[in-house]
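Only one structure is covered here, and it is reproduced in the block below.
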Amino acid sequence: MLDATTYYDLVSGRRRGLGAAAVRAALAAAEPVYAAGIRYRNRRYDRGWAEIHRVAVPVISVGNLTLGGTGKTPLVKWIARWLRDRQIRVALVSRGYGAEQGTRNDEAVELEYALPDVPHLQNPDRAAAAQIAIEELAAQVILLDDGFQHRQLARDLDIVLLDAWEPFGFGHLFPRGTLREPISALRRAQVVCLTRADQIDAERRTEIRERVEQANPNAAWCEAVHKPQNLLSASGQSESPEQLRGKRVAAFCGIGNPAAFRRTLQSLQCDVVAWREFPDHHAFSATDVESLKSWVSEQSINNVVCTHKDLVKLQVDNLAHRPLRALVVELQLSVGEVELQAALNRVVTPVAAN
């Protein structure tokens with residue numbers, strides 16, 4: 001099984017040679033099959049052949065056009081806090097990918113830490129989860145995490161995130177690229193947000209925006225940056241991320257976009273001398289912990305750094321007598337905050353008036 005970095009290197013064309021070309025050819029052969037399945041699925045909803053369930057309160061969806069991490073969790077936190085600041089009862093609903101039966105996945109635990117007053121329901125049947133949130137938790141708004149392709153539940157606002165480094169999936173649908181749907185699917189969105197926008201130049205940002213406007217000239221546009229907020233220990237100790245500047249660190253993660261995490265670390269001007277990747281939503285076992293300890297012990301480093309998603313599963317303050325900290329990032333809107341708030345207000349104003 002390919003790890004995320006190897007897969008991205010292959011589909012992007014960065015990995016060269018006959019072997020890589022043969023793998024890309026095999027992936028390309030499977031792309032039309034996936035594309036046909038996506039077309040059929042969307043046609044069922046577009047033509048009313050598949051039922052779309054509408055609930056009694058507004059539904060706001062935050063989703064992706066591509067596979068991998070685009071920074072949904074920071075935006076979900078931003079929107080949930082925006083709603084709570086207005087005294088609106090919001091409930092998060094997600095599929096719960098990667099969670100074992102009867103347990104919460106890493107994203108749910110991370111969001112619980114950040115949003116202790118916002119309930120989070122995980123269920124593959126998100127329409128049923130939304131109904132429970134309304135009936136049992138008195139939710140006034142449903143915030144649907146990773147919901148763009150989940151068309152079974154009607155939504156009042158579709159926000160789609162594009163990662164600045166590869167917003168359009170290397171020009172191909174899965175498995176040849178990382179597009180979940182064709183770019184034309186953006187016509188369903190009311191807001192498109194470019195994440196990690198500070199990591200590319202203004203010319204490239206303009207190119208991406210113009211391509212989005214070709215697909216959907218009516219969508220509001222915003223740009224976001226992910227700012228390192230603090231270093232967090234499993235026991236709750238918080239420190240400034242600036243303390244990593246100039247330090248030698250070992251870093252690891254089990255997320256959908258490991259390259260983005262590495263770039264964020266590099267923005268802090270630390271020296272990442274050792275690096276490990278695990279699959280997205282990886283459930284760290286005792287064997288994994290021992291392996292990490294052995295790996296860390298071999299490094300000449302000051303700190304070990306992971307993501308918050310990883311730390312909530314590991315729940316240890318140290319690895320091989322080196323401090324383990326999660327780098328927590330928060331989202332800041334650099335462009336289009338007024339437009340995003342206007343879109344949110346259109347949806348929730350009737351709720352806030354009650």
Side-chain angles (χ1 to χ4, degrees), residues 1 3-8 67-74 76-77 94 96-100 103-115 120 122 145-146 163 196 226-239 241 243-244 247 249-268 270 272-299 301-331:
M1 181 178 178
D3 61 41
T5 296
T6 302
Y7 174 70
Y8 279 91
L67 300 169
T70 57
K72 288 192 311 299
T73 298
V76 166
K77 289 191 290 186
S94 65
Y97 181 81
E100 297 180 2
T103 66
R104 298 167 300 160
N105 73 355
D106 44 19
E107 289 171 348
V109 178
E110 180 185 2
L111 285 166
E112 181 181 14
Y113 176 89
L115 305 167
H120 188 173
Q122 294 193 308
D145 186 9
D146 198 13
D163 181 76
R196 306 184 180 98
H226 290 175
K227 291 292 186 182
Q229 186 74 13
N230 63 309
L231 292 170
L232 186 68
S233 71
S235 58
Q237 179 184 354
S238 180
E239 303 166 293
Q243 75 164 27
L244 293 182
K247 300 289 182 62
V249 304
F252 65 93
C253 62
I255 58 175
N257 191 343
F261 175 52
R262 187 161 189 165
R263 285 192 294 267
T264 302
L265 284 173
Q266 290 168 344
S267 74
L268 294 170
C270 60
V272 181
V273 299
W275 175 259
R276 285 187 67 175
E277 293 176 18
F278 294 88
D280 194 14
H281 300 290
H282 183 68
F284 290 95
S285 65
T287 301
D288 290 326
V289 174
E290 290 305 314
S291 175
L292 283 169
K293 288 179 178 178
S294 177
W295 172 68
V296 168
S297 68
E298 296 170 356
Q299 315 301 327
I301 55 169
N302 307 100
N303 297 86
V304 189
V305 187
C306 63
T307 73
H308 199 193
K309 276 179 63 174
D310 302 307
L311 188 69
V312 297
K313 291 177 287 189
L314 286 164
Q315 287 298 311
V316 295
D317 280 343
N318 300 280
L319 285 173
H321 307 293
R322 270 85 158 193
L324 172 65
R325 300 293 183 265
L327 180 61
V328 179
V329 299
E330 295 290 344
L331 179 137

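In this text, all values refer to a predicted model and were calculated from it rather than measured experimentally. Basis for what follows: all heavy atoms, side chains included, without hydrogens, waters or symmetry-related copies.
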Worksheet item: Going by distance alone, is a donor N or O of one side chain under 3.5 Å from an acceptor N or O of the other, for H282 and D288?
Response: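 Distance-only check passes for H282 and D288.
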Which pair of non-hydrogen atoms, one from [X] and one from [Y], has the smallest distance, and what is that distance?
X	Y	result
F261	C253	CD2-CB, 3.8 Å
K293	L319	CG-CD2, 3.9 Å
P241	P228	CG-O, 4.0 Å
P74	V329	CG-CG2, 4.3 Å
D310	G254	OD1-N, 2.9 Å
H120	Q122	NE2-CG, 3.8 Å

Less than 4.5 Å apart, any side-chain heavy atom of [X] and any of [Y]?
X	Y	result
K309	D280	yes
N230	E239	no
F252	V296	no
V312	E112	no
I301	V249	no
K72	D145	yes
V289	V316	no

Atom [atom1] of [X] and atom [atom2] of [Y]: how far apart are they, to the nearest 0.5 Å?
X	Y	atom1	atom2	value
C270	L327	SG	CG	8.5 Å
L111	T73	CG	OG1	5.5 Å
T70	R196	OG1	CZ	7.0 Å
H226	R263	NE2	CZ	11.5 Å

Within the distance-only criterion (no hydrogens, no angle test), does the side chain of [X] pair as donor or acceptor with the backbone N or O of [Y] below 3.5 angstrom?
X	Y	result
E290	A286	no
S297	S294	yes
R322	A250	no
R325	A234	no

Worksheet item: Pick from I255, L311, L292: which one makes a side chain to side chain contact (heavy atoms under 4.5 Å, CB included) with C306?
Response: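 Output: one option passes, namely L311.
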Discussion item. Could you go through L331 and K77, starting from their C-alpha distance and side-chain angles, then the distance that decides it, and tell me whether this counts as side chain to side chain contact (heavy atoms under 4.5 Å, CB included)?
Written reply: CA-CA 8 Å; L331 179 137; K77 289 191 290 186; over 6 Å; no
Worksheet item: If you count the non-hydrogen atoms of other residues, nucleotides and ligands that lie under 6.0 Å from NZ in K227, is the total more than 12?
Response: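 Incorrect, the count does not exceed 12.
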